[in-house]
There are 2 protein chains.
Amino acid sequence: MDERRLSTRPTMRDVADRVGLSIKSVSRVLNGDPGVSEAKAEHVLTVARELGFRRNDLARSLRLQDRTETIGVVVRQASTRFYDSLIRGIDEVAARHGALVLTATTQSAEREQSAVLALSSRRVDGLIIVPSGEDQSYLRAEAAARMPMVFVDRPARGISADTVVADNVAGGYAATQHLIARGHQRIGVIGTRSSASTMSERARGYRDACREAGLASEDLVRWNAHGQEGAQQACEELLGLAHPPTALFALNNVCTIGAVRALQGAQLSRQVALIGFDDFDTADLLNPPVTVITQDVEEMGRRAAEAIFSRIDGRPTTSRREKTVLPTTLIARGSGEIEPDRPVARRIGA
Amino acid sequence: MDERRLSTRPTMRDVADRVGLSIKSVSRVLNGDPGVSEAKAEHVLTVARELGFRRNDLARSLRLQDRTETIGVVVRQASTRFYDSLIRGIDEVAARHGALVLTATTQSAEREQSAVLALSSRRVDGLIIVPSGEDQSYLRAEAAARMPMVFVDRPARGISADTVVADNVAGGYAATQHLIARGHQRIGVIGTRSSASTMSERARGYRDACREAGLASEDLVRWNAHGQEGAQQACEELLGLAHPPTALFALNNVCTIGAVRALQGAQLSRQVALIGFDDFDTADLLNPPVTVITQDVEEMGRRAAEAIFSRIDGRPTTSRREKTVLPTTLIARGSGEIEPDRPVARRIGA
DNA sequence: AAGTCTAACGTCAACGTTGACGTCAACGTT
DNA sequence: AACGTTGACGTCAACGTTGACGTTAGACTT
């Protein structure tokens, strides 16, 4: 009764044979196109259901030269909260456009390229990329073919495209000024890679604020603090200096958590101020609660998705690249409001 | 010089025309097949690069009936940490098999089906699903077509397939017993949906332990604590009872964080014990540090991916379904070791 | 009665790629 | 000199689907 090859999915051909119609009529029914009698249409649908027919969208989008109704997202698995929120924002907009969001995650910067190209080979309608590699010029071909692309969190290098980023410089500046305003003169900084633009911009904001206040800064910046352990060690090193900083600025949330760990370990949570870049779930539950600079990551996702769809829906890919810069906000919770221990003489004077 | 239609990607045809070879020879070169002279092969590669040629994998896998070298993952965006770790585990194994992992996230249980079917229509080689809907019988067609499928975290309903889950009952039992051993007799439970098997199994472990110890339990279980706010409210309600619980068991990490918030708000963090199911980043930094039952989510991802690939690589999809149950571990950090306030009389007696 | 129209179908070719198989010239063998 | 072998190509058909364009038979017009 069922002579089809095993382990192969039924096609319109199979449905058509069973119903006694041409494959084209089946296609019509399944796409809701007119030109098939009510009765036969009904029959087609029944048989399709019975056979477990699932239209092969690969073949479909091969034929219909245009849309696959799919957008690709490429992110590196690293910072915790970022990923979730970003996708949520993208999903929200994509759902409104009836598109599917497929995310490819990469462990390393090197695999970014293969993930991106794999999505491109699958002919997604657009790409949202959080670049982690040093160079995105491998996307020149896609750019030439006018594939809509948006870079999020950091701008691409070696290629020009729409970009959605947070105002990292302003965030770094705000954090630093907040600390300076409370009397801190020695502010330590912990970051991962100085080559990442997010990191270097946050640090630039820090340096700008320091310079404005007439503070030296460079000797208190520690790069290459990878993972929570790395960040913790970097903090411990800073705290162990002859002239230790009285405040810390952690450039992302992994660093922030490492810093909290270092401060708790050294029993200094209540003496040394801390501000972290990017909020995290339990920031308000720690002791003291952690003051942070937040970026609205979900909004970044929404903006990126909107940019993609506006390109897909006609805005020419050759038109001027847009760079969206989203503001950051300081949320004071306690750790950033700790004042430096003042010299005894001045304390008496106060 | 460049007369191709705008905004269309170059195909092997374009490369072939430029080189003056047949399309088949180009295909050979691009696949590293033999039968093309060194010199021409070189030329083909150069031209392909110049034109920005990217093989259309849709067409390729349409032709080669077999693999797309892609596996699909469908998860619901909800619990924080779970997602990241799971994908990391899956990615690790997939990378070893040279496959791409494409993740579709869904906001709601209703959209699970459309995401799964979209991946199926794109002919992924296998599906890893964290079911959130109530029923997965919509996958019958895929099962009939022997599409490899693995369900993670919860078993599917309405269809049988390989499954990878944590030992939720044992975890719930261990948490409860840990509290009972420290003298707690009234243990409150906060969970989201009693209909989710993870939740109900953890609660079953709790009830088993209570029954064994001769404790009543049911009136201290609070369901439908959605989101951190919901969990916080549910806890506050429990703590406000005439006979409040002396310990809390939060059934997932969102609930745990809500519970911490409630306890801190009521200044009871050091009086009421707390154990959370599933670890989270800052659990050891809270005050007191939070005792948790951990499940190795990354390992769940690895096992699921291994199961998928073993099905893809030949293990017949008709062979017996395997259910992998991973152990859970209790990590004592402080919050779970708080003892109940004993009545004065007994305290003197001790 | 011949013509026009329409609904309900069908045929064909094409999307981009690759397996199966064919052609042809150059070469080595006996 | 006839034969087989080999390397370097090319042709064709097919994967599953759909747009463009037939082909019928019946209903409706004049």
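This one's a predicted model, so the numbers in the text were calculated from it and none came from an experiment. Chain letters run A, B, ... following the sequence lines, proteins first, then strands; residues in each count from 1.
With hydrogens and angles ignored, a donor-acceptor pair closer than 3.5 Å exists between the side chain of B:K24 and the base of C:dG19. Between the base of C:dT18 and the side chain of B:R63 there is a donor-acceptor pair shorter than 3.5 Å. The base of D:dG16 has none of its N or O atoms less than 3.5 Å from a complementary donor or acceptor on the side chain of B:R123. Scanning atom types as modelled, no donor and acceptor separated by under 3.5 angstrom connect the side chain of A:R54 and the base of D:dG16.
Among the heavy atoms of the strands lying under 4.0 Å from A:I23 is at least one base atom, whether or not backbone atoms are also near. Among the protein residues, B:L62 comes within range of the nucleic acid bases, having at least one heavy atom under 4.0 Å from a base atom. No contact: B:R13 has no heavy atom under 4.0 Å from any strand. A:N31 comes within 4.0 angstrom of the backbone, heavy atoms only, and of no base.
What separates CG of A:D57 from C1' of D:dG16 is a distance of 11 Å, to the nearest Å. Protein atom CG of B:L30 is 8 Å distant from nucleotide atom P of C:dT17, rounded to whole Å. The CZ-P distance, from B:R28 to C:dG19, rounds to 10 Å in whole Å. Computed from coordinates, the B:D14 CG to C:dC15 C1' distance equals 13 Å when rounded to whole Å. Whole-Å rounding puts the B:R9 CZ to C:dT17 P distance at 11 Å. For B:K40 and D:dG7, the NZ to C1' distance is 13 Å, given to the nearest whole Å. The interatomic distance linking B:R122 (CZ) with D:dG16 (C1') rounds to 15 Å, in whole Å. Here the C1' atom of nucleotide D:dG16 and the CG atom of B:N56 are 14 Å apart, to the nearest Å.
B:D125 places no side-chain N or O within 3.5 Å of a backbone atom of B:I71 that could act as its donor or acceptor partner. Between the side chain of B:R146 and the backbone N or O of B:A143 there is no donor-acceptor pair closer than 3.5 Å.
Distance check: B:R303 CZ to B:L326 CG gives 5.0 Å after rounding to the nearest 0.5 Å.
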Got a list of side-chain donor-acceptor pairs under 3.5 Å for residues 27-35 of chain A, not counting sequence neighbours?
residue : atom : partner : partner atom : Å
A:S27   : OG   : A:N31   : ND2          : 3.4
A:N31   : OD1  : A:R55   : NH1          : 2.7
A:N31   : OD1  : A:R60   : NH1          : 3.1
A:N31   : ND2  : A:S27   : O            : 2.8

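For B:S25, taking side-chain heavy atoms from C-beta onward, the closest of the listed nucleotides D:dG10, C:dG10, D:dT17 is D:dG10. Closest to the side chain of B:M12, out of D:dG16, C:dT17, C:dG10, is C:dT17. Candidate nucleotides C:dT17, D:dT18, C:dT18 were compared by shortest atom distance to the side chain of B:T11, and C:dT17 ranks first.
In this structure C:dC27 sits in a base pair with D:dG4, meeting the Watson-Crick or G-U test at under 3.5 Å.
For the residue pair A:R122 and B:E69, the shortest heavy atom distance occurs at NH2-O, 4.0 Å.
Applying the side chain to side chain contact (heavy atoms under 4.5 Å, CB included) rule to A:S121 yields the partners B:R54, B:D57; only residues at least two apart in sequence or on another chain are considered.
Within the 4.0 Å cut-off from OP1 or OP2 of C:dT17, not a single side-chain nitrogen or oxygen of B:S27 is found. Note on A:R60: a side-chain N or O is less than 4.0 Å away from OP1 or OP2 of D:dT18. Contact annotation: B:S37 side-chain N/O to D:dC9 OP1/OP2 distance is under 4.0 Å.
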